[in-house]
Amino acid sequence: MNLLAYQPTWWTLNPQDNGRYGVLVGVFIAGMVLFFALSKVPHSARRPIVVGVTFLAGLFWVLRYLWPEPIALRENELPNGFVEKTGQWLQTSVPFVSGIAQVVTSFLLGLGMFSLLRVHFTKITRKQKDWQFSVLLLVCMALMIAVGYADWLQREFWIKEKITDDTTTWTNVNVVFNILFEGLLQNMDAAMFSIIAFYIFSAAYRAFRIRSMEATLLMSSALIVMLSLMGAVTSGWNGTIDNMTGSNPANLLNNLKLNELAGWLRNMVQVPALQALEFGVGLGTLAMALRLWLGLERGGVTE
Amino acid sequence: MWKLLADAQKIKREYLFLVLVVSLSATLIGLKKALPQIPDSNSMDLYAVMMTSDPNKPVFIQSDWTNSTRGESRGHFQGLVRSLMATNRKFVFYSVADPQAPQVARDAIRTINQERKKQGLREYKPWDDYLDLGLFPNAENSLNAFSNSIKSAWGGRRAKDSTGRERPVFDSPVLQGVTKIEDCGAYYVVSASNSIDIAIERLGTKVTMGGLVTGVMGPGMLPYYRSGQLKGLTIGLVGVYDLEYMMEHGINTADEAGNIVVKNRTKPEQVIPPVPEGTTFGQGATNNLALHIALTLMILAIALGNVGMIAKKKLEGGTK
């Protein structure tokens with residue numbers, strides 16, 4: 001029997017059934033018990049557990065890619081032989097394994113919150129430097145969570161029939177959530193990133209100087225790329241060249257069109273250099289992945 | 001004379017910042033000007049895919065952008081959604097990258113719906129016209145699962161139907177006839193992260209994929225476009241304006257005066273019309289003007305700094 005194969009579950013077949021909340025609570029409690037048990041495992045036994053789980057998880061995906069896949073298997077047709085059976089087992093197990101990975105990834109959010117709370121509560125209780133900012137951060141976080149949940153509960157459960165995308169149907173909670181998320185968070189985020197413009201502008205004025213041949217080449221390239229990003233300039237420049245060539249596509253002067261020059265720089269200089277960097281990074285990632293998969297990497301939870 | 005020029009490199013930072021703020025603020029107070037544009041060939045290909053994909057099949061949008069890149073990504077997303085709504089295409093959106101991403105996409109869709117309502121156009125209804133599948137954590141695993149079987153990957157997701165009742169998403173009119181990822185009309189990734197690389201790796205061979213990425217990511221995406229793994233690509237703020245410009249003028253399409261505003265010289269036979277209804281120029285047109293101003297200021301600042309440096313050298317060398 002294929003235990004991992006995806007089957008339509010009671011959950012998906014009965015999405016309206018209130019019994020699912022009982023299941024949720026049950027799974028949550030079971031998860032907590034498992035966590036508690038794992039936290040009590042002696043240090044010497046942790047490494048084999050972590051290395052073993054990592055190896056099995058990696059092995060699944062390696063096999064999934066390398067193992068031959070059954071071709072043209074019709075619905076309700078059974079696979080033949082060990083190779084085809086294993087191939088089908090791997091194929092049908094992907095949703096289940098992906099689901100586990102998604103759940104584990106979701107825990108990162110909880111881990112992040114736990115870490116944040118620990119750091120800032122410590123800072124507040126010990127009255128460390130700038131502890132007032134920690135208070136502000138925690139208050140804002142609590143407010144966002146409370147209003148966010150209230151908004152979600154209203155939209156999904158309490159008065160879900162009444163609330164639509166139309167803002168006139170919104171309650172005070174929906175409005176407050178919108179102010180916090182779209183009105184404040186988004187704009188503060190954008191304001192923070194816009195500070196980069198000031199740094200770039202100031203740096204361009206003070207540091208971008210023609211002091212050597214390399215700097216001159218860099219500046220010439222930058223100038224061409226910047227001008228090519230300005231559609232009005234490009235249109236005017238290219239229009240002039242079209243007038244000079246009589247719009248003859250075979251004329252060599254067409255190569256001096258701004259978008260052609262910028263395209264050449266991008267395709268022949270920038271992209272190959274980036275690809276070379278990415279190739280190096282890719283090799284490093286592969287090496288690191290192998291080390292992690294095979295349990296050769298030291299440090300972290302494996303120590 | 002040289003002394004005056006040498007002083008050009010001593011301008012206080014505060015004055016530079018003031019010039020930048022005042023110049024760019026002009027675009028925020030409603031100064032929207034549709035400047036002429038020559039769209040990139042990759043942008044033209046994306047627009048062509050958007051307008052020629054099968055209108056009876058839903059479009060899948062992997063919306064992985066958040067506030068930090070909204071200057072570019074929101075323009076991309078809005079341009080894409082406006083085009084889909086204007087051509088009556090149903091769509092599904094979700095994120096595999098960031099918990100904030102579904103919410104910013106929802107807000108962007110709501111804004112467009114309000115805009116359409118004001119224009120007297122049909123509003124797009126969730127469930128009937130589009131589906132919001134929310135977040136799928138872990139891009140690698142999620143996209144693998146989509147590639148394997150969306151029936152099982154999306155099978156547990158539910159959405160409210162038009163009566164407010166929660167139902168499995170495959171009951172929605174949007175996903176009628178869809179059993180696998182290949183059944184979508186087109187697959188677009190609006191991204192500011194490497195989630196687009198993962199999408200290309202996992203799904204690139206199965207769907208017609210288009211990318212709408214930030215300027216920083218653009219050069220890294222071009223090899224995918226040139227190799228045909230991405231059928232179209234818009235890059236950065238210029239890409240947003242490219243898209244809006246083509247939504248207004250089409251490609252190789254003559255306007256009322258008989259002029260062809262956007263010419264695709266490499267595919268002269270390709271005729272793609274402008275979008276039939278709704279807003280065309282939006283965030284791209286506004287921000288494109290700001291981009292022109294910012295780049296002009298930048299070029300001036302570089303020139304000023306260098307002229308000052310050369311003048312100072314002349315002065316120190318005793319040359320006048």
Side-chain angles (χ1 to χ4, degrees), chain A residues 6 8-9 11-12 15-16 61 64 91 94-95 97-99 101-102 104-106 108-109 156 160-161 165-167 178 181-182 185-186 189-190 193 197-198 200-202 204-206 208-210 219 222-223 226-227 229-236 238 249 259 266-267 270-271 274-275 278, chain B residues 9 11 13 16-17 20 24 35-38 40 67-68 70-71 99 103-104 107 109-110 113-114 123 126 136-138 140-142 144-145 148-149 152-153 155-156 158 160 163-168 219-220 222-223 238 241 265 288 291-292 294-299 301-302 304-306 309:
Chain A
Y6 173 82
T9 59
W11 180 280
T12 50
Q16 299 298 313
W61 290 113
R64 172 78 183 96
Q91 190 181 6
V94 168
V97 176
S98 297
Q102 283 182 13
V104 172
T105 310
S106 305
L108 291 176
L109 197 64
E156 297 296 322
K160 61 183 180 184
E161 291 83 9
D165 268 358
D166 185 353
T167 49
N178 191 251
F181 187 80
E182 199 172 5
L185 180 67
Q186 288 204 46
D189 212 358
F193 277 91
F198 294 97
I200 293 175
F201 190 46
S202 179
Y205 175 63
R206 292 181 193 286
F208 211 163
R209 299 289 159 84
I210 316 171
M219 181 175 291
L223 191 66
M226 282 195 282
L227 288 173
L229 291 174
M230 297 156 74
V233 176
T234 311
S235 297
N238 290 5
N259 52 342
R266 202 168 54 184
N267 296 331
Q270 189 185 19
V271 171
L274 276 173
Q275 290 297 298
E278 282 181 13
Chain B
Q9 61 173 356
I11 300 171
R13 189 187 300 172
L16 290 174
F17 291 169
L20 187 65
L24 294 182
L35 295 168
Q37 181 79 345
I38 302 175
D40 286 330
N67 301 319
S68 56
R70 70 173 181 168
Q103 186 61 41
V104 291
D107 291 342
I109 291 171
R110 196 182 65 239
N113 256 334
Q114 286 167 349
E123 280 183 78
F136 290 88
N138 195 323
E140 288 275 2
N141 275 292
S142 299
N144 253 325
N148 199 58
S149 161
S152 48
R158 296 179 301 279
K160 283 194 283 185
T163 62
R165 181 173 165 251
E166 272 193 358
R167 290 166 62 186
L222 282 169
V238 176
Y241 190 56
R265 291 175 198 276
N288 187 48
L291 182 72
H292 274 67
L295 288 172
T296 306
L297 285 176
M298 185 102 94
I299 292 168
I302 293 170
L304 213 56
N306 279 286
M309 182 192 73

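Quick note on labels: first sequence line is chain A, next is B, and so on, each numbered from 1. For clarity, every value in this text was computed on a predicted model and none was experimentally measured.
- Contacts with chain A were tallied for Val238(B), Asn288(B), Leu24(B), Leu35(B); Val238(B) has the most, counting heavy-atom pairs under 4.5 Å.
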Practice item. Please assess Leu227(A) against Ile299(B) for the test side chain to side chain contact (heavy atoms under 4.5 Å, CB included), listing each intermediate value before the final yes or no. Key: CA-CA 9 Å; Leu227(A) 288 173; Ile299(B) 292 168; 3.9 Å; yes

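- Partners of Glu140(B) according to the side-chain hydrogen bond (donor to acceptor under 3.5 Å, both in side chains) rule, which considers only residues two or more places apart in sequence or in another chain, are Arg202(B).
- Proximity of Trp61(A) to Asn141(B): side-chain heavy atoms (C-beta onward) are separated by under 4.5 Å at one or more points.
- Of the two parts of Ser149(B), neither the backbone nor the side chain holds a non-hydrogen atom closer than 4.5 Å to a non-hydrogen atom of chain A.
- Proximity to chain B involves both the backbone and the side chain of Gln91(A), based on heavy atoms less than 4.5 angstrom apart.
- For Ile210(A), the parts lying under 4.5 angstrom from a heavy atom of chain B are both the backbone and the side chain.
- Proximity to chain B (any heavy atom under 4.5 Å) is restricted, for Asn238(A), to the side chain, taken from C-beta onward.
- When Ala294(B), Pro219(B), Gly71(B), Pro99(B) are compared by the number of non-hydrogen pairs under 4.5 Å with chain A, Pro219(B) comes out ahead.
- Of the two parts of Gln270(A), only the side chain, counted from C-beta on, holds a non-hydrogen atom closer than 4.5 Å to a non-hydrogen atom of chain B.
- Under the 3.5 Å distance criterion, with hydrogens and angles disregarded, a donor-acceptor pair is assigned to the side chains of Asn148(B) and Arg64(A).
- In this structure a side-chain-to-backbone donor-acceptor pair under 3.5 Å is present from His292(B) to Gly231(A).
- Proximity of Val104(B) to Phe181(A): side-chain heavy atoms (C-beta onward) are separated by under 4.5 Å at one or more points.
- For a residue to count as touching a neighbouring chain, one of its non-hydrogen atoms must lie under 4.5 Å from one of that chain's; by this rule Leu297(B) touches chain A with backbone and side chain alike.
- Within the 4.5 angstrom heavy-atom criterion, atoms from both the backbone and the side chain of Arg13(B) approach chain A.
- Residues that satisfy the side-chain hydrogen bond (donor to acceptor under 3.5 Å, both in side chains) test with Ser142(B), not counting sequence neighbours, are Gln102(A).
- Two residues are said to be in side-chain contact when any heavy atoms from C-beta on lie closer than 4.5 Å; Asn306(B) and Met219(A) meet this criterion.
- Both the backbone and the side chain of Ile302(B) come within contact range of chain A, judged by heavy atoms closer than 4.5 Å.
- Distance check: Tyr205(A) OH to Leu16(B) CG gives 6.0 Å after rounding to the nearest 0.5 Å.
- Of the two parts of Leu229(A), the backbone and the side chain both hold a non-hydrogen atom closer than 4.5 Å to a non-hydrogen atom of chain B.
- Chosen from Leu291(B), Leu20(B), Thr296(B), the residue pairing most often with chain A at heavy-atom distances under 4.5 Å is Leu20(B).
- In terms of heavy atoms, Phe17(B) sits closest to Phe198(A) at CE2-O, 3.3 Å.
- By the 4.5 Å heavy-atom criterion applied to side chains, Pro223(B) and Gln275(A) are counted as neighbours.
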